[in-house]
Amino acid sequence: MRLVLLGAPGAGKGTQAAALAEHFRVPHISSGALLRSHVAAGTELGRKVAPYMDRGELAPAELVAAVVDKAIVRAGPRYILEGFPRTMAQARLAEARHGAALADAVVFLELPDDVARQRLAARKARRRSDDRDPVIIERRLRSFHAETEPVVHYYRSRGLLVTIDAAQPPGAVTAAILDALACTPRP
Ligand code: AMP
């Protein structure tokens with residue numbers, strides 16, 4: 001089982017990826033968590049991506065792709081990948097590297113912008129800058145629509161997309177994902 005999770009900020013990607021990783025007993029790969037650990041460790045990569053993360057902007061594709069790629073190789077044939085690919089450039093990099101093997105299915109956690117705004121404003125700050133800053137929230141939502149939605153359409157056109165209503169409580173979202181996956185043909 002190789003799953004990719006996509007969703008707007010606030011859609012619960014991290015929570016759902018953790019729940020699915022536990023359910024299927026497979027590694028959970030989170031691009032955001034990998035980048036945050038580089039920032040915390042003060043690596044060269046961490047120093048390069050920190051300003052983007054602080055501004056709520058996407059980090060350069062080749063930096064993120066390199067770190068995610070290593071994690072995919074380390075994880076082996078089964079994983080839950082969350083937060084990557086987030087742009088078409090990243091989707092192409094991932095495809096060049098892994099081809100169709102990247103994902104058996106792509107779960108899209110769909111959430112109206114207004115609900116995303118409320119959730120992000122209520123979240124605890126995780127980074128040095130304040131995630132709850134309305135300017136940063138709007139930037140992240142804009143980037144989702146401009147950069148990540150094309151990735152959602154791309155996987156839909158490939159027949160890999162499973163769309164889930166992410167406005168439900170977390171447990172109901174997990175159950176809906178597991179139900180939907182049970183109906184998805186496996187390779
Ligand atoms: P997340 O925890 O997924 O919200 O990611 C936190 C931050 O890490 C994002 O706001 C971006 O700055 C950066 N980031 C995570 N994943 C990616 C990605 N696939 N491409 C570019 N930047 C990313």
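Start at 1 and go down the list; that is how both ligands and their atoms are numbered. Positions are given from 1, in the same order as the sequence printed here.
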So, is G83 polar-close to ligand 1, with some N/O to N/O distance under 3.5 Å?
-> yes
The atoms of ligand 1 lying under 4.0 Å from a heavy atom of E57, numbered in the order shown, are 11 (C), 12 (O)
| query | Given the rule in the side chain to side chain contact (heavy atoms under 4.5 Å, CB included) test, do R55 and I136 qualify, once you have shown the distances and angles that lead to the verdict? | reply | CA-CA 6 Å; R55 290 193 298 263; I136 292 183; over 6 Å; no
Out of R36, Q90, R140, the nearest non-hydrogen contact to atom 4 (O) of ligand 1 is supplied by R140
task: Quick one: do T87 and T148 satisfy side chain to side chain contact (heavy atoms under 4.5 Å, CB included)? Show the steps, please.
output: CA-CA 5 Å; T87 66; T148 310; 5.7 Å; no
**Prompt:** Can you find an N or O of P85 that's nearer than 3.5 Å to an N or O of ligand 1?
**Reply:** no
In ligand 1, the atoms that come under 4.0 Å of a heavy atom of L35 are 8 (O), 13 (C), 14 (N), 15 (C), 23 (C)
Taking it one step at a time, do T174 and Q16 satisfy side chain to side chain contact (heavy atoms under 4.5 Å, CB included)?
CA-CA 6 Å; T174 310; Q16 295 305 324; 2.6 Å; yes
Closest to atom 3 (O) of ligand 1 by heavy-atom distance, out of R86, E82, K13, E147, is R86
Exercise. Are H145 and R142 linked by a side-chain donor-acceptor pair shorter than 3.5 Å?
Worked result: no
Checking heavy atoms under 4.0 Å, the part of L58 that sits near ligand 1 is both
Atom 15 (C) of ligand 1: of S31, A61, A89, the nearest heavy atom sits on S31
Atom CD of E62 with >12 non-hydrogen neighbours under 6.0 angstrom = yes
Exercise. Any Lys/Arg nitrogen of E138 or R117 sitting under 4.0 Å from an Asp/Glu carboxylate oxygen of the other?
Worked result: yes
